[in-house]
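Numbering of residues begins at 1 and proceeds along the displayed sequence.
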Amino acid sequence: MTLQAHQPQTLSNLNATWPAKPRLGLIGFGEVGSTFAKELAATQQFSSINAWDIKLLGPLRSAMHESMQQLAVNVCQNAAELAQSSDIIFSAVTAANTLAVAQEVAEHLKPGQVFLDLNSASPATKQEAAKLVNASNADYVEAGVMTSVPPYGKKVPMLLGGEKAASLTVFLNQLGMDTKAISTEIGVASAIKMCRSIMIKGLEALVIESYTTARSYGVEDHVLPTLVETFPSIDWSKQGAYFYSRVAQHGKRRAEEMRESAHTVKDTGFVPLMAAAIAQKHQFIADQAAAGIFEGLDKDSDWQAYADALINAKK
């Protein structure tokens, strides 16, 4: 697979038929969707903000419904209603649901709408999603979200790709977002995102495995100083705590993302040995979290508390 990245030289109006204040639709109302809803509502540049999440059909529906209402977000009953109520649609679901959401929504899109795919999926997955959306004559734009949304919020750096990427960048940046159009070709932004994810999620997996093992042997006070000596710009204890807490909270989502990273590697003809292993490590932590071993721990807990929880769970 060969993809070409370039910086577009010209910008055009996103859609001359749009109202002055378009309607925003959010598919997925987790950490990302709810953050964008809150911060973009504050810009007062949308006539309405609408949302749909599959969790509205499950046991968490009451809590999610209340969360949406607190942010003055219109609760949609399904993807069809969301599509019919929006001019711009943000898809912010888990990597494994990227294609399914595009397929479901595409049936209800029409010319003039823009579908912004924020999900962490491989170039091939994004290209398949684009075919579905573009078949409806709506415009598909992919986004590579280049770091965790917290603490950046709407200012999280994003790379956009697609025929409408340049003009969408202008619109979103006027709202205070940090987007950059990288290519008119679908797959470039996601390739950049996936390659970065192998490094970042890989480092998370390595730190968790290294620190937990060191803690098991009682040698952590010897190991961490050697890391500081080699990489003095990193606070390895603080960074370790952050890695543990984020993976414990979002391990399932990260595992799905790393499976997409593995697909990205495989599509080049290489065997995704590392990406596949990273996915397994994140899934393991996700499974431990689901079992409740990290109960009582949060983002302010030190890494030793997380490591001890893992160690005690296997006794």
Side-chain angles (χ1 to χ4, degrees), residues 30-32 35 92 94-96 118-122 144-152 156-159 190-217 219-220 223-228 230-265 272-295 297-314:
E31 183 177 67
V32 175
T35 297
T94 60
L118 300 167
N119 305 309
S120 299
S122 70
V145 183
M146 300 308 292
T147 188
S148 298
V149 173
Y152 292 89
V156 63
M158 295 194 295
L159 303 179
S190 54
I192 296 170
K193 163 67 175 178
M194 291 292 97
C195 292
R196 181 184 186 278
S197 291
I198 295 171
M199 290 294 296
I200 300 302
K201 271 62 176 184
L203 184 58
E204 291 174 344
L206 286 172
V207 164
I208 290 173
E209 185 155 305
S210 172
Y211 284 26
T212 304
T213 303
R215 184 79 166 167
S216 296
Y217 281 102
V219 298
E220 65 270 24
V223 173
L224 266 68
T226 69
L227 299 178
V228 173
T230 305
F231 301 100
S233 63
I234 300 174
D235 184 333
W236 286 96
S237 184
K238 182 178 180 180
Q239 193 66 57
Y242 177 75
F243 284 166
Y244 272 96
S245 67
R246 291 298 289 175
V247 178
Q249 183 179 5
H250 298 296
K252 182 177 183 295
R253 188 175 75 191
R254 279 162 149 73
E256 290 183 8
E257 179 178 328
M258 288 314 304
R259 294 186 190 105
E260 287 293 314
S261 292
H263 289 315
T264 303
V265 175
L273 299 174
M274 296 302 297
I278 296 165
Q280 290 179 343
K281 190 67 176 183
H282 282 264
Q283 186 62 57
F284 168 73
I285 298 298
D287 293 341
Q288 296 300 301
I293 74 161
F294 301 123
E295 187 175 352
L297 302 181
D298 57 25
K299 63 182 181 62
D300 296 320
S301 301
D302 58 31
W303 73 262
Q304 291 92 337
Y306 282 97
D308 287 343
L310 288 169
I311 293 168
N312 292 333
K314 67 180 180 59

Should [X] and [Y] count as side-chain neighbours, where that means a heavy-atom distance under 4.5 Å?
X	Y	answer
Asp287	Lys252	no
Met274	Val265	no
Leu224	Ser237	yes
Leu297	Ser245	no
Phe294	Ile285	yes

Measure the [atom1]-[atom2] distance between [X] and [Y] for me, rounded to the nearest 0.5 Å.
X	Y	atom1	atom2	result
Asn119	Arg253	CG	CZ	10.0 Å
Met199	Ser197	CE	OG	11.5 Å
Ile234	Gln239	CD1	CD	6.5 Å
Thr147	Ile200	OG1	CD1	7.5 Å

Check [X] against [Y] and note the closest heavy-atom contact, atom names and distance.
X	Y	value
Val145	Leu118	CG2-O, 3.7 Å
Ile208	Thr212	O-OG1, 2.7 Å
Val156	Ser148	CG2-O, 3.9 Å
Ala275	Ser261	CB-C, 4.2 Å
Ala276	Ala262	N-CB, 4.3 Å
Phe243	Leu203	CE1-CG, 3.8 Å

**Prompt:** Between Tyr244 and Ser301, is any side-chain donor less than 3.5 angstrom from a side-chain acceptor?
**Reply:**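 Short answer, no.
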**Message:** Among Lys193, Arg259, Glu260, exactly one meets side chain to side chain donor-acceptor pair (under 3.5 Å) together with Ser122. Which residue is that?
**Reply:**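 When side chain to side chain donor-acceptor pair (under 3.5 Å) is applied between Ser122 and each of Lys193, Arg259, Glu260, only Glu260 qualifies.
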Discussion item. My understanding is that only residues two or more places apart in sequence, or in another chain, count here; which of them pass side chain to side chain contact (heavy atoms under 4.5 Å, CB included) with Leu227?
Written reply: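 Once residues adjacent in sequence are excluded, the partners of Leu227 under the side chain to side chain contact (heavy atoms under 4.5 Å, CB included) criterion are Tyr211, Trp236.
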With sequence neighbours excluded, tell me which residues meet side chain to side chain contact (heavy atoms under 4.5 Å, CB included) with Ala214.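 Partners of Ala214 by the side chain to side chain contact (heavy atoms under 4.5 Å, CB included) criterion, ordered by chain and then number, come out as Val219, Glu220, Val223.
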Quick one: does Gln283's side chain have a donor or acceptor within less than 3.5 Å of a partner on Ala255's backbone?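 Checked: no pair found.
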- Item | With sequence neighbours excluded, residues passing side-chain hydrogen bond (donor to acceptor under 3.5 Å, both in side chains) with Lys201 |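 Only Glu257 meet the side-chain hydrogen bond (donor to acceptor under 3.5 Å, both in side chains) criterion with Lys201.
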*Please check if atom OH in Tyr242 has more than 12 non-hydrogen atoms from other residues, nucleotides or ligands closer than 6.0 Å.*
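Yes, OH of Tyr242 has more than 12 neighbouring heavy atoms, counting only those of other groups under 6.0 Å.
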Please evaluate residues Met146 and Ile192 with respect to the criterion side chain to side chain contact (heavy atoms under 4.5 Å, CB included), reporting the C-alpha separation (whole Å), side-chain torsions for both, the decisive distance (0.1 Å), and the verdict. CA-CA 9 Å; Met146 300 308 292; Ile192 296 170; 3.7 Å; yes
Keeping to residues at least two apart or across chains, list the salt bridge (Lys or Arg N to Asp or Glu O under 4.0 Å) pairs with something in residues 301-314.
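Every pair satisfying salt bridge (Lys or Arg N to Asp or Glu O under 4.0 Å) with a residue in residues 301-314: Arg215-Asp308.
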Requested in this report: Sorted by first residue and then second, give each salt bridge (Lys or Arg N to Asp or Glu O under 4.0 Å) pair with at least one member in residues 233-247; sequence neighbours left out.
Outcome: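 For residues 233-247, and leaving out neighbouring residues, the salt bridge (Lys or Arg N to Asp or Glu O under 4.0 Å) pairs sorted by first residue read Glu31-Arg246.
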**salt bridge (Lys or Arg N to Asp or Glu O under 4.0 Å) against Glu204, all qualifying residues, sequence neighbours excluded** =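 With sequence neighbours excluded, Glu204 shows a salt bridge (Lys or Arg N to Asp or Glu O under 4.0 Å) to Arg254, given in chain and number order.
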